[in-house]
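What you see is a predicted model; the values in this text were computed from it and never measured. Residue numbers begin at 1 in each chain, while the letters A, B, ... track the order of the sequences.
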There are 2 protein chains.
Amino acid sequence: MSSSQQPVFKALADPTRRAILKRLQEGSATAGAIADSFPISRPSLSHHFNILKAADLVRTERRGQHIVYSLNATVLQEALAMLLDIFSPGDSLQEKDKE
Amino acid sequence: MSSSQQPVFKALADPTRRAILKRLQEGSATAGAIADSFPISRPSLSHHFNILKAADLVRTERRGQHIVYSLNATVLQEALAMLLDIFSPGDSLQEKDKE
DNA sequence: TATATATTTAGGCAAACCTCTAAATAATTG
DNA sequence: CAATTATTTAGAGGTTTGCCTAAATATATA
């Protein structure tokens, strides 16, 4: 587990993507529904979705002509554990391998 | 407290800067000492320090001709709390204002 | 099948990012 | 004060990012 975290931190660096994650935390939603909440074009949103997917922060499921996005809490948790580790090593939520 | 978190997440997006933070967790260090641990030029390191300082993730103190960098755990903690909030709102380390 | 709706891909452009070398600033030492 | 050491600032080059419009793909429906 715990692949490279670079894509995760890269994904978290953009405020729009953090907002998408926060929105997704309230519940899964279709690409269109999410796009309606943001003042940028659908293609731009789609681009952000790709980055979030690459980081495995979100999962997708096709439902008819819609695509439903949902949060993948596990990866977020791992990024969190890594930050915790910087803050105070050996005090993570769950034990992790020493590298 | 808790200014804009954009600079913090921006700062965390770069692997070199995360490594610097991790290094600093082990203890404060001079710019040169840190630079010796990384395979990039001192000016590039200095640039990363600037970004970490802008995010208030590190503090500096001049000691003679050296400049000592140290970790500012508080800001890291706040970023952490924000991630925790995405992951499961209302379950943060410390209570925060509702917006 | 033709049309409408939902989403993504392609291509382009300006701004930001990371790196470098060279030069400048700050403090110490002879 | 001149020379040395530590660090930063300046400026440039190449890559990546984030946004857009236009076009393509996928599914549903008349």
Chemist: Report the distance from atom CG of B:Asp36 to atom P of D:dT7, rounded to the nearest whole Å.
Modeler: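 From B:Asp36 CG to D:dT7 P: 9 Å.
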Chemist: Taking atom P of C:dC18 as reference, at what distance in whole Å does atom CD of A:Gln6 sit?
Modeler: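 Nearest whole value for this atom pair: 10 Å.
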Chemist: Identify the two heavy atoms, one from B:Ala35 and one from B:Leu45, that lie closest to each other, and give their separation to 0.1 Å.
Modeler: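 In this case the closest contact between B:Ala35 and B:Leu45 is CA-CG, 4.1 Å.
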Chemist: So which one's nearest nucleotide on DNA chain D is more toward 5', A:Arg63 or A:Arg17?
Modeler: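 Result: A:Arg17.
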Chemist: Mind checking the CD-CG spacing from A:Gln25 to A:Leu21? Nearest 0.5 Å is all I need.
Modeler: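 Answer for the CD-CG pair, A:Gln25 versus A:Leu21, is 10.0 Å.
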Chemist: Does a salt bridge link A:Arg63 with A:Glu61, judged by any charged N lying under 4.0 Å from a carboxylate O?
Modeler: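 So A:Arg63 pairs with A:Glu61 through a salt bridge.
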Chemist: Of the candidate nucleotides D:dT9, C:dT19, D:dC20, which contains the atom at the shortest distance from the side chain of B:Asn50?
Modeler: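 Of the candidates, D:dT9 comes closest.
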Chemist: Quick one: A:Leu45 CG to D:dG18 P, roughly how many Å, whole number?
Modeler: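 Distance check: A:Leu45 CG to D:dG18 P gives 13 Å.
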Chemist: Output a table of nitrogen or oxygen pairs between the protein and nucleotides 1-7 of chain C separated by less than 3.5 Å.
Modeler:
{"residue": "C:dT5", "atom": "O2", "partner": "A:Gln65", "partner atom": "NE2", "Å": "3.2"}
{"residue": "C:dT7", "atom": "OP1", "partner": "A:Ala31", "partner atom": "N", "Å": "3.4"}
{"residue": "C:dT7", "atom": "OP1", "partner": "A:Ile67", "partner atom": "N", "Å": "3.3"}
{"residue": "C:dT7", "atom": "OP2", "partner": "A:Gly32", "partner atom": "N", "Å": "2.7"}

Chemist: Among D:dC20, C:dT21, D:dT17, which is the nearest nucleotide to the side chain of B:Ser41?
Modeler: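 When the side chain of B:Ser41 is considered, C:dT21 is the closest of D:dC20, C:dT21, D:dT17.
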Chemist: Any chance you could measure A:Phe38, atom CZ, to A:Arg17, atom CZ, to the nearest 0.5 Å?
Modeler: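 Answer for the CZ-CZ pair, A:Phe38 versus A:Arg17, is 12.0 Å.
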Chemist: What distance do B:Arg23 atom CZ and B:Ile34 atom CD1 have between them, rounded to the nearest 0.5 Å?
Modeler: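 One finds 6.0 Å between CZ of B:Arg23 and CD1 of B:Ile34.
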Chemist: If you check every side-chain atom of B:Lys10, which of D:dC20, C:dC18, C:dC17 has the closest atom?
Modeler: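 Minimum distance to the B:Lys10 side chain belongs to C:dC17.
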Chemist: Give B:His48 one of three labels, base, sugar-phosphate or nothing, depending on what nucleic acid heavy atoms sit under 4.0 Å from its own.
Modeler: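 Touches sugar-phosphate only.
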